[in-house]
Peer 1: 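Have a look at this one before I ask anything.
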Amino acid sequence: MTLLYFAWVREKIGISEESLTPPANVRTVDDLMTWLASRSAGHADAFADRKLVKAAVDQVHVQARADVQGAKEVAFFPPVTGG
Amino acid sequence: MTLLYFAWVREKIGISEESLTPPANVRTVDDLMTWLASRSAGHADAFADRKLVKAAVDQVHVQARADVQGAKEVAFFPPVTGG
Amino acid sequence: MPGHTGNVRVQEAPFDPGAEINGFLARNPNSGGIASFIGQMRDFRGTDRSGGEKVSAMTLEHYPGMAEKQFEALIADARQRWALDDALLIHRHGKLHPSEAIVLVATASAHRADALSACEFLIDWLKTQAPFWKKEVSSGGAAWVAAQSTDEARAKRW
Amino acid sequence: MPGHTGNVRVQEAPFDPGAEINGFLARNPNSGGIASFIGQMRDFRGTDRSGGEKVSAMTLEHYPGMAEKQFEALIADARQRWALDDALLIHRHGKLHPSEAIVLVATASAHRADALSACEFLIDWLKTQAPFWKKEVSSGGAAWVAAQSTDEARAKRW
């Protein structure tokens, strides 16, 4: 699974992209955030307040309860501010 | 008083502008239409269906009951179709 | 103060919509949002839509003096209702050819909602208040365009 | 069929809003109404509004691939809701300077109401759905711009 991080999520984690294989018990976006938060101080910082972090699975916006099993690309980022 | 006519009102009357002094009993736009309609076949034709004719007194849109006494310029025209 | 000169133009000559919008952007460098509406004469020559005659040209009659005055009044009204930095209204008169711009409305604001609403308000009211009359020339002759009741209804929403 | 090529561009290079609008007009000669919205980076250098630091530059981070996909989805949604002849979305990324255009939305329709509503819908939804993040650089340092709850509320209206 490719993990992508943008804006301050990227800055806190310290990298923009990583390739990981989450354990089988990681089923949802929320599970994935819990698991990622355990991987480094930067990850923990980025996911400290999950209400501030949005997610996209295979380039489609999703809620925290969305399934990530079988996903190729999961992205985490703050609320968007384009336009 | 300067009378101005636009679009098919102008075409029916046959002139775009005339200078007239209405009698004292012409108080409103509606009175003015009645008086003008008596002046020629073209005028009568233009004001045959008054619901179709709009008016402006001194370049401000007005209703048929509006006062024309003291007006310098009164214009008659169909509903506008610009833009 | 920006926005109080050159806000209204009624002209016979064609104008370049993109150049006008760029000029409007340049004179409003502090406005985050610029909304615009362009009305153009549809080109019916090549693609005859839904029956009817092909319109080859159009004449726009107008009431000189009142047209400009009405535009100024509409802009003043829009400024009362929304936080506008600037507004621009350009309207052609005389003979028009297919694909030429007839009207341009542009509004500038720090807030996009204000720019968008004011732009819509101006074109809606212009359609029912600005003293212009379209006559279409087709192979079947020339005919005055009838006013649309939907225009009246849209303007009344504001 | 018009409108199905070149509807979405996400680019680092500056673009010329007026030239883009003229190109959009040229490719839609049968559309009577063209609505557009331009978001530009406000020039805070000369006129420091309402306190805060002067913003000298901005960086727009984006999610390549998803950005284009999201724009295509928004246009497809707009086409379902309104009678659109065409739509165009251009969005910058990377480093921006004051008074440069960030985003352009343009819509074309035979009916001005459809063009205006679709334009507003697209910019409203783009603000809450398009994966872009603004970082402002001022004399006080660099800071990510916070999302506005009013944007979320505006988008939900549709």
Side-chain angles (χ1 to χ4, degrees), chain C residues 2 16-50 85 98-113 115-117 119-124 126-127 148 150-151 153-154 157, chain D residues 2 16-50 85 98-113 115-117 119-124 126-127 148 150-151 153-154 157:
Chain C
D16 178 332
E20 295 294 343
I21 288 171
N22 279 349
F24 190 71
L25 284 164
R27 83 185 197 193
N28 292 289
N30 294 318
S31 302
I34 279 80
S36 77
F37 179 82
I38 298 157
Q40 66 178 347
M41 189 184 155
R42 282 187 271 174
D43 183 357
F44 288 94
R45 287 175 302 184
T47 52
D48 194 4
R49 283 195 187 190
S50 63
D85 294 332
S99 302
E100 287 182 356
I102 302 169
V103 63
L104 168 68
V105 179
T107 53
S109 176
H111 310 284
R112 79 176 182 287
L116 288 161
S117 294
C119 180
E120 192 165 355
F121 166 88
L122 287 171
I123 186 68
D124 278 355
L126 183 156
K127 286 261 174 190
Q148 297 190 2
T150 50
D151 285 335
R154 278 187 65 83
R157 297 176 309 150
Chain D
D16 178 332
E20 296 294 343
I21 287 170
N22 278 349
F24 190 71
L25 284 164
R27 82 184 197 193
N28 293 289
N30 293 318
S31 302
I34 279 81
S36 76
F37 179 83
I38 297 157
Q40 67 178 346
M41 188 181 155
R42 282 187 271 173
D43 184 357
F44 286 95
R45 286 176 303 186
T47 53
D48 193 5
R49 282 196 189 190
S50 64
D85 294 332
S99 302
E100 286 182 355
I102 301 169
V103 64
L104 168 68
V105 179
T107 52
S109 175
H111 311 284
R112 79 176 182 287
L116 288 161
S117 294
C119 180
E120 192 164 355
F121 166 88
L122 287 171
I123 187 66
D124 278 354
L126 183 156
K127 286 261 177 190
Q148 297 191 2
T150 50
D151 285 335
R154 279 186 65 81
R157 297 177 307 150

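Predicted model only: the values in this text are computed from it and were never measured. Lettering of chains follows the sequences in order, A, B, ..., and the numbering in each one begins at 1.
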Peer 1: Taking every heavy-atom pair that is under 4.5 Å apart, which of D:G32, D:P17, D:A115 has the most such pairs with chain C?
Peer 2: D:G32
Peer 1: Heavy-atom pairs under 4.5 Å with chain C: which of D:I123, D:L116, D:D16 has the most?
Peer 2: D:L116
Peer 1: Hey, is the main chain of C:R154 close enough, under 3.5 Å, to the side chain of C:R157 for a donor-acceptor pair?
Peer 2: yes
Peer 1: If you count heavy-atom pairs within less than 4.5 Å of chain D, which of C:T150, C:I102, C:D124, C:I21 leads?
Peer 2: C:D124
Peer 1: Got a second to check how far D:C119's SG is from C:E120's CD, nearest 0.5 Å?
Peer 2: 10.0 Å
Peer 1: Any side-chain to backbone donor/acceptor pair from D:Q40 onto C:I34? Under 3.5 Å, distance only.
Peer 2: no
Peer 1: Enter the distance from C:N28:CG to D:S99:OG here, rounded to the nearest 0.5 Å.
Peer 2: 10.0 Å
Peer 1: Report which part of D:R112 has an atom under 4.5 Å of a heavy atom belonging to chain C: side chain, backbone, both, or neither.
Peer 2: both
Peer 1: With a 4.5 Å cut-off on heavy-atom pairs, point out which of C:A108, C:A113, C:A19 contacts chain D the most.
Peer 2: C:A113
Peer 1: Would you mind telling me which of D:G39, D:G18, D:A101 has the largest number of heavy-atom pairs within less than 4.5 Å of chain C?
Peer 2: D:G18
Peer 1: What's the shortest heavy-atom distance between D:D85 and D:A110, and which atoms?
Peer 2: OD2-N, 3.6 Å
